[in-house]
Amino acid sequence: MTLQNKTAVVTGASRGIGQAIALELAKQGAKVVVNYSGSEARAQQVVEQIQAAGGEAIAVQANVADAESVAQLMNKALETFGSIDILVNNAGITRDNLLMRMKEDEWDDVMNTNLKGVFLCTKAVTRQMMKQRSGRIINISSIVGVSGNAGQANYVAAKAGVIGLTKTTAKELASRNILVNAIAPGFITTDMTDELSEELKQAMLAQIPLAKLGQPEDIAKTVVFFASDAANYITGQTLHVDGGMVM
Ligand code: NAD
């Protein structure tokens, strides 16, 4: 186990990639705060899965787009486990539409959750990580934040913003031994991608050199890498975990 005695906060961890990240971090010995905004029952299931395997976890409801809610999340993490060593900014939504049809609230909702949420959560853990003189922040961006994608102006702008925020935060916090990296997943099978048409899924598959869709565990294992000693000399980077889709 590489993450024993570490505490991790994972946003949007009740399902999909966030759930896989929470389980994988716990498998490596980390105590995990499973943040959720929707179904408490699903978040509680993730906690029970971790506990059944001998790990420690709690579920905490919070909206990452709301500063007060984020403060309560981080306070609860600290009260329960005494430190925050790893923050995984995973929570994300899509509100897809062509640019000409995109409504202002579709733009705002996605920016607030996917970009402002990363800013708020990062800011909320920074003081504690500075005190600890160590920390790892891992931001889940997307490959479309690198390549662009028709019909996702809001999502792409937010995910490209996450890459910029990752670099800036990495520079600001490096002297305090806080390492900040991003992961850009390609096409990963989750509830988010299940909503897409079969035709679109086949078109995506045709663009993937490894000729298969990614699994949430592929992202979770990369998070463990960035959180572990193996990544001691890596900061400000964005790693594409996409089967070779964008090179
Ligand atoms: P998902 O929809 O299955 O899970 C997203 C989670 O975020 C849910 O648990 C949801 O409740 C939570 N969430 C949404 N808004 C929130 C808020 N305001 N506060 C707290 N939690 C909130 O999606 P997923 O596929 O597991 O995606 C996880 C992350 O990976 C997202 O950031 C997504 O953009 C990114 N990503 C996914 C893919 C993919 O192919 N699935 C590809 C690239 C990037």
Side-chain angles (χ1 to χ4, degrees), residues 9-24 33-47 59-74 76 87-96 106 108-121 124 138-149 152 154-163 165-166 182-196 200-201 203-205 207-208 212-220 222-223 238-243 245-246:
V9 175
V10 185
T11 66
S14 60
R15 66 182 207 192
I17 293 172
Q19 173 178 12
I21 292 169
L23 295 176
E24 198 62 38
V33 177
V34 176
N35 159 247
Y36 67 96
S37 66
S39 159
E40 182 180 1
R42 286 193 75 165
Q44 207 47 50
Q45 274 172 19
V46 179
V47 167
V60 183
Q61 198 276 333
N63 172 9
V64 297
D66 179 80
E68 188 57 38
S69 187
V70 167
Q72 284 167 12
L73 165 67
M74 302 311 173
K76 183 74 188 167
L87 166 67
V88 186
N89 283 308
N90 166 78
I93 56 169
T94 51
R95 298 276 184 275
D96 295 352
E106 290 171 332
D108 289 343
D109 286 352
V110 171
M111 291 305 256
N112 285 341
T113 299
N114 296 15
L115 183 55
K116 186 179 165 193
V118 177
F119 160 69
L120 290 177
C121 291
I138 299 142
N139 297 327
I140 308 301
S141 176
S142 169
I143 211 67
V144 300
V146 179
S147 65
N149 199 26
Q152 290 196 306
N154 49 3
Y155 185 79
V156 167
K159 292 300 188 181
V162 167
I163 294 173
L165 186 56
T166 300
I183 296 170
F187 197 129
I188 312 297
T189 49
T190 66
D191 290 352
M192 187 181 266
T193 47
D194 277 352
E195 290 165 10
L196 302 174
L200 196 58
K201 283 186 196 167
M204 300 283 262
L205 198 53
Q207 293 172 42
I208 304 173
K212 59 181 180 187
L213 303 183
Q215 297 303 315
E217 293 70 27
D218 294 322
I219 307 306
T222 313
V223 168
T238 299
L239 186 57
H240 300 183
V241 182
D242 65 346
M245 204 171 166
V246 174

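Numbering of ligands and ligand atoms starts at 1, following listing order.
- Of the protein's non-hydrogen atoms, N63 OD1, 2.8 Å is the one closest to atom 18 (N) of ligand 1.
- Between V64 and ligand 1, at least one pair of N/O atoms sits closer than 3.5 Å.
- Interface atoms of ligand 1 facing G16, defined by a heavy-atom separation under 4.0 Å, are 26 (O).
- The closest side-chain heavy-atom distance from V46 to Y36 is not below 4.5 Å.
- Counting atoms of ligand 1 from 1 in the listed order, those under 4.0 Å from a heavy atom of G92 are 5 (C), 7 (O), 14 (C), 31 (C), 32 (O).
- Between atom 12 (C) of ligand 1 and the options S142, G186, G12, the minimum heavy-atom separation is to G12.
- Below 3.5 Å of separation, one finds an N or O of I17 facing an N or O of ligand 1.
- Of the protein's non-hydrogen atoms, A62 O, 3.4 Å is the one closest to atom 20 (C) of ligand 1.
- Closest to atom 11 (O) of ligand 1, if we only count protein heavy atoms, is S37 OG, 3.4 Å.
- Close N/O approach between T193 and ligand 1 is not found [any backbone or side-chain N/O within under 3.5 Å].
- Taking only nitrogen or oxygen atoms, main chain and side chain alike, N114 does not reach within less than 3.5 Å of ligand 1.
- For ligand 1, the atoms closer than 4.0 angstrom to any heavy atom of N35 are 20 (C), 21 (N).
- For ligand 1 and T113, the ligand atoms under 4.0 Å from any heavy atom of the residue are 15 (N), 16 (C), 18 (N).
- At least one heavy atom of K159 sits closer than 4.0 Å to an atom of ligand 1.
- Side-chain contact between I143 and H240: present, with at least one pair of heavy atoms (C-beta onward) separated by less than 4.5 Å.
- With a 6.0 Å radius and a threshold of 12 heavy atoms from other residues, nucleotides or ligands, E40 has its CD atom at or below the threshold.
- Looking only at side-chain heavy atoms (C-beta outward), T166 and S141 stay at 4.5 Å or farther from each other.
- For the pair T193/K201, no side-chain contact is recorded, criterion being any heavy-atom separation below 4.5 Å from C-beta on.
- Residue contact check: I93 has heavy atoms under 4.0 Å from atoms 14 (C), 15 (N) of ligand 1.
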I'd like to know whether N139 forms a side chain to side chain contact (heavy atoms under 4.5 Å, CB included) with L165, so could you lay out the CA-CA distance, the side-chain angles of the two residues, the decisive distance to 0.1 Å, and finally the verdict.
CA-CA 9 Å; N139 297 327; L165 186 56; 5.5 Å; no
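- No side-chain heavy atom of I208 sits under 4.5 Å from any side-chain heavy atom of D242.
- Nearest to atom 8 (C) of ligand 1 among the protein's heavy atoms is R15 NE, 3.8 Å.
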Quick one: do K212 and D218 satisfy salt bridge (charged side-chain N to carboxylate O under 4.0 Å, His left out)? Show the steps, please.
CA-CA 12 Å; K212 59 181 180 187; D218 294 322; over 6 Å; no
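- Near F187, meaning under 4.0 Å from one of its heavy atoms, ligand 1 places the atoms 40 (O).
- With contacts defined as side-chain heavy-atom distances shorter than 4.5 Å, the pair Y155/N149 does not qualify.
- Nearest-heavy-atom check against atom 32 (O) of ligand 1 across I188, I140, N90 picks out N90.
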Verdict with reasoning, V33 to K76, per side chain to side chain contact (heavy atoms under 4.5 Å, CB included):
CA-CA 9 Å; V33 177; K76 183 74 188 167; over 6 Å; no
One pair to check against side chain to side chain contact (heavy atoms under 4.5 Å, CB included): N89 and V64. What are the steps and the verdict?
CA-CA 9 Å; N89 283 308; V64 297; 6.0 Å; no
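- Scanning the protein for heavy atoms near atom 36 (N) of ligand 1, the closest one is Y155 OH, 3.5 Å.
- With contacts defined as side-chain heavy-atom distances shorter than 4.5 Å, the pair I140/I21 qualifies.
- Atom 9 (O) of ligand 1 has its closest protein heavy atom at S14 OG, 3.3 Å.
- With respect to atom 44 (C) of ligand 1, the closest heavy atom belonging to the protein is S141 O, 3.2 Å.
- In terms of protein heavy-atom proximity, atom 25 (O) of ligand 1 is closest to T190 OG1, 2.5 Å.
- The residue V144 has no part lying near ligand 1, judged by heavy-atom distances below 4.0 Å.
- In terms of N/O distances under 3.5 Å, ligand 1 is not approached by Y36.
- At a threshold of 4.5 Å between non-hydrogen side-chain atoms, the residues V60 and Q72 do not count as touching.
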Let's go through I138 and I183 carefully: what are the C-alpha distance in whole Å and the side-chain angles of both, what is the deciding distance for side chain to side chain contact (heavy atoms under 4.5 Å, CB included) to 0.1 Å, and is it a yes or a no?
CA-CA 7 Å; I138 299 142; I183 296 170; 3.9 Å; yes
